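A short worksheet on the structure shown next.
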Amino acid sequence: MKRQECVRVVSIVLGIAGMLIGGCSTTPEPMVISPVEAWGEQQDQAEKIYQNAMAYLTGGRQADAERVIYEGCEAYPDAQRLLFLRGILLRSRFEMNGACSSFAEAYRISPENLPGRASNIVVSMDLGTGIQTGFDKLEELIERYPEESLLRWLYVIEAVSRKAHAAEAISQCEILLKEWKVAPVTLYKGYANLLAAGENQPEKALEYRMRAAELEPTDKNYEGVARTYEMLGRYADAEGVYAKMTEIAPDQAIRWFQWGNCLAYMGDFKAAAEKFETAAALDESEVISLVCWGRCLEKLGHPEEGFKKYLAAVKLRPLDQQVAAYVAHGALYGYGTACNFEAALKASANQGRPAIDVLRDRVAMADGSDNPLAPARSDVLLKNLIEMAENGDAEAQYSLSMIYKNGIGIEPDAAKAKEWLNRAAENGHAIAQRILNPPEQSTDAAVPAELKRGDAAIQGTWTSDQSVAVYEYKIADGMLQVRGYSSYSGKEMVIGDVQWDGTVLRFTSYMPASDHKVVHENRLVDDQTMTSTIVGSEGSSVIWKKKAVE
């Protein structure tokens with residue numbers, strides 16, 4: 001569309017919205033529509049195109065009707081009826097911008113006749129103004145002009161879009177289905193949506209979704225059939241449809257993912273893993289395929305291979321909370337990886353909330369899920385962890401003590417928490433030993449480290465969306481001073497072993513309140529960005545940003 005045309009259409013649309021807001025959109029008395037208003041100067045040709053399109057439309061050939069109407073509007077841009085029908089066809093496909101432009105043009109030609117009034121109503125509704133009023137006005141027009149079947153279709157389209165007025169829209173659908181020999185594909189789909197969502201009739205909805213797929217055998221139309229099968233618990237039928245969808249659209253990762261998900265619900269994790277692997281190869285940015293692939297590998301008895309997929313997903317999407325949940329579960333219970341409570345906390349770091357609370361919530365969500373690809377239940381993994389702890393694994397003993405202490409997946413048990421903490425300390429676990437015999441808090445506000453170069457870019461307060469800690473770095477008398485504290489409790493950390501060469505900063509931080517000690521290795525990227533890794537921990541780097549001076 002040329003710039004001048006765009007400006008004109010926008011002006012018309014804004015005028016329509018202004019009419020409704022100003023209370024001027026009331027339906028006037030029926031008027032005689034002149035042929036010029038309805039069909040333009042070349043009435044015979046325009047009317048012939050319209051009738052041809054309607055014949056296609058009511059014979060189930062919507063794509064052919066769209067082709068004829070789109071060509072007709074190009075040839076006869078002053079034919080209001082053609083523009084009005086083009087708007088309806090576009091709107092039924094949810095092509096909002098094109099529909100709005102067509103309705104605006106139809107309104108411009110004659111605001112007072114039937115296509116103009118209906119265009120006014122629909123554009124106003126789609127602009128989000130007077131939606132209930134719009135439904136009322138459409139009902140008035142339908143009552144006044146019962147022979148105008150397109151008004152009924154418009155009502156259905158708006159009802160499906162708004163997820164409202166389902167009962168009335170279903171009545172309008174049923175009238176159209178009796179009038180039209182074969183309905184347009186989007187009417188069948190709309191009717192199915194209303195039946196499934198509004199009336200909870202998935203069996204009946206399935207019939208019309210299948211009709212839509214027969215008329216237009218696209219992967220998107222078959223998707224509705226497959227999802228309805230799944231809603232009905234008929235996964236074997238859905239699986240066959242997903243197979244067909246991948247034949248139609250073999251390069252669409254989402255179709256392979258959906259097929260894999262269906263197979264997982266059927267319990268065929270080997271076949272599901274193959275589909276998720278294909279989806280991950282087709283779209284490397286979509287990490288959920290990697291996660292589900294990893295979960296299938298776990299189900300097949302290969303937890304280590306599964307955990308590798310989670311780590312690969314974290315590398316691609318370090319802030320994805322769903323991915324982090326799987327990493328946290330594995331590290332917490334020592335399933336697929338070495339048991340490491342600190343790594344589980346790190347994977348659960350969430351700005352504004354204590355990591356321990358996030359970890360607890362994630363385990364609770366997994367325990368309450370019936371999705372076969374959800375993280376494993378805590379009662380299953382706890383058996384694995386207890387076995388490791390009883391066999392003398394100090395990390396498992398420490399993790400078990402923290403699970404009992406904080407009530408992660410189980411009720412808190414202080415006695416068991418203390419028992420396992422003592423056993424971990426006796427077994428040489430450094431953090432457990434410090435909890436039982438805590439070091440004295442540093443009396444200094446910071447720990448100095450001599451500067452190797454004159455680079456002072458590190459000075460300031462540094463925060464990260466991926467951590468619950470805040471660090472302050474200050475240079476005084478040629479020395480770097482480090483201070484760290486919890487962003488949610490405000491409690492200060494004990495900082496030690498600081499090493500700084502102007503680019504790389506290495507230090508230990510210990511938070512007595514949460515029994516959390518780690519060794520950091522930070523690299524200054526520029527004066528606003530720093531990457532940080534935890535020494536000895538798997539996973540991607542944390543990005544730190546310097547806080548602006550207020």
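Count residues from 1 along the sequence. No hydrogens, no waters, no symmetry mates; every other heavy atom, side chains included, goes into these values. Small disclaimer: the values here were computed from a predicted structure and weren't measured.
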Query raised in the report: Looking only at atom types and distance, does a side-chain atom of Arg81 sit under 3.5 Å from a main-chain N or O of Glu47, one as donor and one as acceptor?
Result: no
Report task. Start with the C-alpha gap between Glu105 and Arg108, add the side-chain angles, then the distance that decides, and say whether salt bridge (Lys or Arg N to Asp or Glu O under 4.0 Å) holds. Result -> CA-CA 5 Å; Glu105 288 292 331; Arg108 178 187 62 80; 3.1 Å; yes
Requested in this report: Run the numbers on Arg86 and Leu90 for side chain to side chain contact (heavy atoms under 4.5 Å, CB included), then give the verdict.
Outcome: CA-CA 6 Å; Arg86 182 176 70 175; Leu90 288 166; 3.9 Å; yes
Query raised in the report: Side chains of Glu239 and Tyr229: do they bring a donor and an acceptor to under 3.5 Å?
Result: no
Query - Verdict with supporting geometry, Ser102 and Arg91, side-chain hydrogen bond (donor to acceptor under 3.5 Å, both in side chains) - result: CA-CA 10 Å; Ser102 287; Arg91 185 65 181 79; over 6 Å; no
Query raised in the report: Could Lys308 and Glu304 be called an ion pair, given the rule that one side-chain N must be under 4.0 Å from one carboxylate O?
Result: no
Query raised in the report: If you count the non-hydrogen atoms of other residues, nucleotides and ligands that lie under 6.0 Å from CZ in Arg523, is the total more than 12?
Result: no
Report task. Nearest 0.5 Å please: distance from the CE atom of Met245 over to the OH atom of Tyr222. Result -> 10.5 Å
Query raised in the report: Going through the distances and angles, do Thr531 and Ile543 end up as a side chain to side chain contact (heavy atoms under 4.5 Å, CB included)?
Result: CA-CA 5 Å; Thr531 60; Ile543 305 299; 3.7 Å; yes
Query - Which atom of Tyr208 lies closest to which atom of Ala192, heavy atoms considered - result: CB-CB, 4.2 Å
**Report entry** Any Phe276 side-chain heavy atom under 4.5 Å of Phe257 side chain
**Finding:** yes
Query - Within-4.5 Å side-chain heavy-atom neighbours: Trp39 and Tyr76 - result: no
Query raised in the report: Less than 4.0 Å between a side-chain N and a carboxylate O, is that true for Glu207 and Arg211?
Result: yes
Query - Note, Ile408 side chain near Ile356 side chain (heavy atom, < 4.5 Å) - result: yes
Report task. Classify the side-chain pair Ser92/Gln62 by whether it contains a donor and acceptor separated by less than 3.5 Å. Result -> yes
Query raised in the report: OG of Ser378 to CG of Leu385: how many Å apart, nearest 0.5 Å?
Result: 11.0 Å
Report task. Report yes if the side chains of Thr337 and Tyr310 come closer than 4.5 Å at any heavy-atom pair, otherwise no. Result -> no
Query raised in the report: Taking side chain as C-beta onward, heavy atoms only, is Arg295 less than 4.5 Å from Phe269?
Result: no
Query raised in the report: Below 4.0 angstrom, N of the basic side chain to O of the carboxylate: do Arg117 and Glu148 qualify?
Result: no
Requested in this report: Please examine the side chains of Gln258 and Lys275, heavy atoms only from C-beta on, and report whether any two atoms are closer than 4.5 Å.
Outcome: no
Query raised in the report: About how many Å separate CD1 of Ile170 and CG of Leu195, when rounded to the nearest 0.5 Å?
Result: 5.0 Å
Query - Heavy atoms from other residues, nucleotides or ligands near CE of Met365 exceed 12 (cutoff 6.0 Å) - result: no
Query raised in the report: Does a donor on one side chain sit under 3.5 Å from an acceptor on the other, for Asn193 and Arg209?
Result: yes
Query raised in the report: Under 3.5 Å, is there a donor-acceptor pair between the side chain of Arg61 and the main chain of Leu215?
Result: no
Requested in this report: Check whether any side-chain heavy atom of Glu395 sits under 4.5 Å from a side-chain heavy atom of Phe341, and report yes or no.
Outcome: no
Query - Ser124 (side chain) donor-acceptor with Asn120 (main chain) under 3.5 angstrom - result: yes
Requested in this report: In sequence, state the C-alpha distance, the side-chain angles, and the governing distance for Thr529 and Lys545, and then conclude on side-chain hydrogen bond (donor to acceptor under 3.5 Å, both in side chains).
Outcome: CA-CA 5 Å; Thr529 309; Lys545 292 290 185 180; 2.8 Å; yes
Requested in this report: Look at the rings of Tyr155 and His165 and say which category their plane angle falls in: under 30° parallel, 30 to 60° tilted, over 60° perpendicular.
Outcome: perpendicular
Query raised in the report: Is the count of non-hydrogen atoms from other residues, nucleotides or ligands lying under 6.0 Å from Asn97 atom CG greater than 12?
Result: no
Requested in this report: If the plane angle is over 60° it's perpendicular, under 30° parallel, otherwise tilted; pick one for His329 and Tyr333.
Outcome: tilted
Report task. To the nearest 0.5 Å, tell me how far Ile403 CD1 sits from Leu332 CG. Result -> 4.0 Å
Report task. Please say whether more than 12 non-hydrogen atoms of neighbouring residues, nucleotides or ligands are located less than 6.0 Å from CD in Glu284. Result -> no
Query raised in the report: Looking at Pro202 and Thr228, what are the two nearest heavy atoms and their distance?
Result: O-CG2, 3.4 Å
Query - Ala366 to Pro375 - nearest heavy-atom pair and separation - result: CB-O, 3.7 Å
Query raised in the report: Should Arg162 and Asp126 count as an ion pair when the cut-off is N to O under 4.0 Å?
Result: yes
Report task. May I have the step-by-step check of side chain to side chain contact (heavy atoms under 4.5 Å, CB included) for Tyr404 and Ile410, ending in yes or no? Result -> CA-CA 7 Å; Tyr404 280 118; Ile410 55 175; 3.2 Å; yes
Report summary line: Interatomic distance, CG@Leu290 vs OH@Tyr326, rounded to 0.5 Å, equals 12.5 Å
Requested in this report: Check the pair Tyr188, Glu216 against side-chain hydrogen bond (donor to acceptor under 3.5 Å, both in side chains), reporting the backbone distance first and the verdict last.
Outcome: CA-CA 11 Å; Tyr188 284 139; Glu216 289 185 4; over 6 Å; no
Query raised in the report: Considering the options Glu230, Glu223, Arg227, which one meets the side chain to side chain donor-acceptor pair (under 3.5 Å) requirement together with Tyr242?
Result: Glu230
Report task. Take atom NZ of Lys163 as the centre, draw a 6.0 Å sphere, and report whether it contains more than 12 heavy atoms from other residues, nucleotides or ligands. Result -> no
Report task. Under the side chain to side chain contact (heavy atoms under 4.5 Å, CB included) rule, what do Gln172 and Trp153 come out as? Steps first, then yes or no, please. Result -> CA-CA 7 Å; Gln172 300 298 343; Trp153 195 15; over 6 Å; no
**Report entry** Min side-chain heavy-atom separation Val327-Phe307 under 4.5 Å
**Finding:** yes
Query raised in the report: Taking everything shown except Glu411 itself, do over 12 heavy atoms lie less than 6.0 Å from its CD?
Result: no
Report task. Would you confirm whether Trp256, through its side chain, and Asp251, through its main-chain N or O, come within 3.5 Å as a donor-acceptor pair? Result -> no
Query raised in the report: Should Lys383 and Glu387 be marked as a salt bridge (Lys or Arg N to Asp or Glu O under 4.0 Å) after you check the CA-CA gap, both sets of side-chain angles, and the distance that decides it?
Result: CA-CA 6 Å; Lys383 294 177 182 178; Glu387 183 179 348; over 6 Å; no
Query - OG on Ser149 to CG on Leu154, rounded to 0.5 Å - result: 10.5 Å
